[in-house]
Amino acid sequence: MEVADIKSGSVFDMVYEIVKQIPAGKVATYGQIARMLNNPRLSRVVGYALHVNPNPFLIPCHRVVNRFGEVSKAFAFGGENRQRHLLKDEGVEFDNLGRVILSRYLWKNS
DNA sequence: TTAATGACCTATC
DNA sequence: CGATAGGCCATTA
């Protein structure tokens, strides 16, 4: 199913649908998701959508990081430490700066 | 309808 | 590298 076909009415829902499709062991960036929505400027909205994340159990928000692979500071799911643990548990590695190696684990949707 | 908000991004110092 | 500022835009109160 194409991302472009996802039109649940609100951008938030679209974001959720996309995030749900991120496979384990991969991560996506806010800007990337925004681009998937055909609106590169929605990067902030994407973050906000996850901020008010209604279903932390259905939405793997821990697989969404910023442009540099850094985990969110205000992670409303148990702290950034929690997010790193979850990713690490999926096989995602971090560099010495504590950032996800995007060059290897960035999710590529087509 | 208006104003405020923010898990971003880019530029500048 | 860290701090600051502005812009961007959907959502909410």
Side-chain angles (χ1 to χ4, degrees):
Chain A
M1 152 168 142
E2 293 294 332
V3 176
D5 294 332
I6 303 173
K7 296 172 184 171
S8 302
S10 70
V11 176
F12 278 30
D13 290 333
M14 291 172 68
V15 172
Y16 299 143
E17 291 304 315
I18 293 176
V19 174
K20 284 186 201 167
Q21 293 176 37
I22 302 175
K26 294 287 181 178
V27 299
T29 69
Y30 299 101
Q32 180 188 358
I33 293 175
R35 283 193 294 273
M36 292 177 186
L37 298 176
N38 220 7
N39 294 353
R41 301 182 180 75
L42 296 183
S43 52
R44 301 185 75 169
V45 179
V46 173
Y48 193 64
L50 293 177
H51 178 124
V52 294
N53 183 349
N55 308 51
F57 295 93
L58 300 179
I59 304 173
C61 36
H62 59 277
R63 297 191 191 133
V64 184
V65 296
N66 68 11
R67 210 181 114 36
F68 295 104
E70 299 172 321
V71 299
S72 201
K73 177 185 176 184
F75 195 56
F77 187 53
E80 44 188 319
N81 202 327
R82 166 84 181 193
Q83 183 172 11
R84 289 217 288 160
H85 177 72
L86 289 172
L87 291 175
K88 190 177 177 181
D89 200 51
E90 295 180 349
V92 178
E93 300 177 64
F94 299 80
D95 61 11
N96 293 324
L97 298 176
R99 304 186 306 185
V100 176
I101 305 175
L102 294 177
S103 59
R104 289 178 60 182
Y105 299 101
L106 181 61
W107 176 46
K108 285 164 276 185
N109 180 21
S110 56

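Side-chain atoms are counted along with the backbone in the values below, which use heavy atoms only and exclude waters and symmetry mates. Note that the structure is a prediction, hence the values are computed from the model and not measured.
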N/O donor-acceptor pair under 3.5 Å between A:Q83 side chain and A:V65 backbone: no

Polar side-chain atom of A:Y105 near backbone of A:F94 as donor-acceptor pair, under 3.5 Å: no

Rounded to whole angstrom units, what separation is found between the [atom1] atom of [X] and the [atom2] atom of [N]?
X: A:N55; N: B:dA7; atom1: CG; atom2: P; result: 20 Å
X: A:F68; N: B:dT10; atom1: CZ; atom2: P; result: 7 Å
X: A:Y30; N: B:dT10; atom1: OH; atom2: C1'; result: 18 Å
X: A:I18; N: B:dA7; atom1: CD1; atom2: C1'; result: 16 Å
X: A:H51; N: B:dC8; atom1: NE2; atom2: P; result: 11 Å
X: A:Y16; N: B:dA7; atom1: OH; atom2: P; result: 14 Å
X: A:K73; N: B:dC8; atom1: NZ; atom2: C1'; result: 15 Å

Closest heavy-atom pair and its distance - A:F68, A:L102: C-CD1, 3.7 Å

For residues 34-45 of chain A, dump all side-chain donor-acceptor pairs below 3.5 Å to protein atoms at least two apart in sequence or in another chain.
none

Sequence-distant partners of A:R67, salt bridge (charged side-chain N to carboxylate O under 4.0 Å, His left out), two or more places apart: none

A:Y48 vs A:V11 side-chain heavy atoms within contact, under 4.5 Å: no

Per-nucleotide protein contact string for nucleotides 7-13 of chain C (B base, S sugar-phosphate only, - none; heavy atom under 4.0 Å): BBBSS--

